[in-house]
Amino acid sequence: LQTLPPVRLAEKYFHIFPDERDPLWQNPCHDKRHKDIWSKEKTCDRLPKFLVIGPQKTGSTALHAFLSLHPAITASSFSPVTFEEVQFFSGSNYLRGIDWYMDFFPVPSNVSTDFLFEKSANYYDTESVPKRAAALLPRAKIITILINPADRAYSWYQHQRAHQDPVALNYTFQQVISAGSSSPAALLTLHRRCLQPGYYSSHLERWLHYYQPSQLLIVDGLQLRSKPVQVMESVQKFLGVTPFFNYTQALTFDESKGFWCQRLDAGRTRCLGKSKGRKYHDMTPESRAFLSEHYREQNVELLRLLKRLGQPLPSWLRDDLHNAS
Ligand code: A3P
């Protein structure tokens with residue numbers, strides 16, 4: 001039996017099996033062989049029970065904030081790399097390995113009743129994520145929030161303007177969404193970032209390839225915005241988390257913010273920062289009509305998919321397809 005020093009051995013191995021160069025992390029405790037060589041100092045319990053996968057601009061920060069008020073639910077700590085979200089499954093952080101990921105979570109005091117989670121809103125539409133997430137967290141529950149993809153695209157455009165993105169400042173929303181293959185590369189990049197996450201049914205099908213329908217909750221983002229107490233009730237039921245937390249006490253509508261916020265003592269509130277719930281002009285009817293047409297096929301597919309899954313239809317989807325027909 002021959003062997004080589006570790007680095008040369010690895011080089012030889014990956015030369016023979018090039019497909020295995022991309023790692024796919026699994027839970028070490030799900031395989032006895034892995035568990036046996038996993039350090040006694042380590043635990044497999046510092047992993048999330050559920051993921052909030054976005055997409056961006058649908059209310060994912062509000063859901064994260066509301067979930068974090070629940071006594072049995074704990075969010076991952078903030079990432080110094082991305083300033084907020086962990087974004088483990090979606091990019092190069094994945095190569096940092098699962099110890100890096102687990103460090104974002106506390107050791108739960110009670111594994112069966114504590115619910116750890118993380119929210120990374122780009123998970124929804126990043127192609128590599130469902131496969132990677134399912135390899136490490138096969139039993140996790142997955143929560144997604146959907147709003148009208150036209151509004152999502154517009155919110156992203158406004159977000160980029162607020163961040164002084166020169167492309168968003170130099171082009172109107174209509175120019176961004178109607179850009180074609182001969183448009184400048186930077187305009188096409190913004191065009192894609194506005195439109196691509198909104199192909200909801202294609203992204204959902206990818207998730208459903210790796211997760212059972214019963215593991216997936218689709219939240220209507222409009223409802224989250226207008227009736228968060230009811231939404232948080234259904235989220236708690238879906239997760240099976242106890243004790244039941246009464247959000248009627250915890251949340252209140254803040255007139256000046258125009259959104260639901262955390263209720264504090266003495267009539268004070270804690271709302272999300274000014275980057276959430278921005279004030280901007282309504283989308284033009286031209287852009288609304290363009291996007292309604294653009295997303296028609298995907299929205300029809302989404303309708304079919306939700307019916308197949310027995311999931312309720314979001315009000316915006318019903319309205320959009322009704323207005324388009
Ligand atoms: P706008 O700023 O365009 O209005 P995300 O956190 O996924 O990036 O989503 C941001 C969006 O969440 C905001 O988009 C806002 O409309 C929506 N939202 C829903 N509930 C909210 C709340 N309670 N406070 C602030 N924003 C909320």
Side-chain angles (χ1 to χ4, degrees), residues 50-70 75-76 78-79 82-87 90 117-126 129 142-165 168 173 176-177 190 193-198 200 203 217-235 247-264 268-284 287-288 291 314-316:
F50 70 97
L51 299 175
V52 176
I53 60 170
Q56 285 158 322
K57 312 316 292 174
T58 55
S60 60
T61 313
L63 182 60
H64 177 279
F66 299 161
L67 283 163
S68 302
L69 298 176
H70 195 293
S76 58
F78 284 132
S79 164
T82 56
F83 302 108
E84 188 189 324
E85 301 174 337
V86 181
Q87 299 184 358
S90 47
F117 84 104
E118 65 126 337
K119 180 279 272 192
S120 293
N122 65 353
Y123 283 172
Y124 182 79
D125 54 287
T126 306
V129 172
I142 306 295
I143 302 181
T144 177
I145 313 160
L146 302 182
I147 60 171
N148 188 324
D151 294 323
R152 200 217 71 81
Y154 191 52
S155 173
W156 180 258
Y157 170 77
Q158 295 296 345
H159 172 92
Q160 291 301 96
R161 280 178 70 89
H163 281 85
Q164 307 298 314
D165 171 4
F173 184 56
V176 172
I177 56 180
L190 181 60
R193 288 306 303 148
C194 281
L195 297 182
Q196 191 263 352
Y200 291 153
H203 299 306
L217 179 71
I218 299 167
V219 169
D220 178 345
L222 260 193
Q223 222 184 344
L224 175 67
R225 184 173 164 160
S226 60
K227 294 182 181 143
V229 173
Q230 281 95 320
V231 169
M232 294 315 290
E233 200 174 308
S234 60
V235 169
Y247 280 91
T248 314
Q249 302 300 323
L251 303 180
T252 185
F253 188 79
D254 184 303
E255 294 291 345
S256 59
K257 175 83 178 169
F259 283 91
W260 286 78
C261 301
Q262 183 186 352
R263 185 199 301 269
L264 301 176
R268 290 173 310 120
T269 57
R270 180 181 291 134
C271 301
L272 298 186
K274 53 180 189 305
S275 67
K276 304 292 169 184
R278 290 193 174 98
K279 303 216 182 330
Y280 41 78
H281 291 297
D282 284 350
M283 194 188 315
T284 62
S287 295
R288 169 106 22 222
L291 288 176
S315 51
W316 59 262

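Predicted model, so just to flag it, every value in this text is computed and none were measured. We count ligands from 1, going down the list as the structure has it; atoms in each ligand are counted the same way.
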Side-chain donor or acceptor of [X] paired with backbone N/O of [Y] under 3.5 Å:
X	Y	result
Ser120	Gln87	yes
Tyr247	Phe66	yes
Tyr200	Ile147	yes
Thr269	Cys261	no
Arg152	Cys194	yes

Exercise for review: Report yes or no: does a heavy atom of Thr58 sit under 4.0 Å from some atom of ligand 1?
Suggested key: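 Distance cut 4.0 Å: Thr58 passes for ligand 1.
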Check your understanding: For Lys57, is the nearest heavy atom under 4.0 Å from an atom of ligand 1?
Key ->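 Yes, Lys57 has a heavy atom closer than 4.0 Å to ligand 1.
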Say whether [X], considering both its backbone and side-chain N or O atoms, lies within less than 3.5 Å of an N or O atom on ligand 1.
X	result
Gly277	yes
Gly59	yes
Arg225	yes
Tyr280	yes

Review point. Any ion pair linking Asp165 and Arg193 (charged N to carboxylate O, less than 4.0 Å)?
Key: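 Judged by the 4.0 Å cut-off on N to carboxylate O distance, Arg193 and Asp165 do not form a salt bridge.
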**Study point:** Partners meeting side-chain contact (heavy atoms from CB on, under 4.5 Å) with Phe253 (sequence neighbours left out)
**Key:**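 Phe253 satisfies side-chain contact (heavy atoms from CB on, under 4.5 Å) with Glu255, Trp260 once adjacent residues are dropped.
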**Study point:** Enumerated ligand 1 atoms positioned under 4.0 Å from heavy atoms of Trp260
**Key:**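 Contacts of ligand 1 toward Trp260, numbered from 1: 22 (C), 23 (N).
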**Study point:** Per-atom contacts, ligand 1 versus Ala62 - under 4.0 Å to a heavy atom
**Key:**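 Atoms satisfying the 4.0 Å criterion: 20 (N), 21 (C), 22 (C), 23 (N).
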Where is the nearest protein heavy atom to [atom]: which residue, which atom, and how far?
atom	answer
atom 7 (O) of ligand 1	Ser60 OG, 2.6 Å
atom 8 (O) of ligand 1	Lys276 NZ, 2.9 Å
atom 14 (O) of ligand 1	Ser155 OG, 3.6 Å

Review point. Does the side chain of Asp254 pick up a donor-acceptor pair with the side chain of Ser256 at under 3.5 Å?
Key: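 There is such a pair between these side chains.
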Review point. Taking atom types as modelled, is there a side-chain donor on Gln56 or Thr58 under 3.5 Å from an acceptor on the other?
Key: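 Gln56 vs Thr58: no donor-acceptor pair found between side chains.
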**Study point:** Contact partition for Thr61 relative to ligand 1, non-hydrogen atoms under 4.0 Å
**Key:**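 The part of Thr61 near ligand 1 is both the backbone and the side chain.
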**Study point:** Heavy-atom nearest option to atom 15 (C) of ligand 1, drawn from Phe259, Trp156, Tyr154
**Key:**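 Considering heavy atoms of Phe259, Trp156, Tyr154, the nearest to atom 15 (C) of ligand 1 sits in Phe259.
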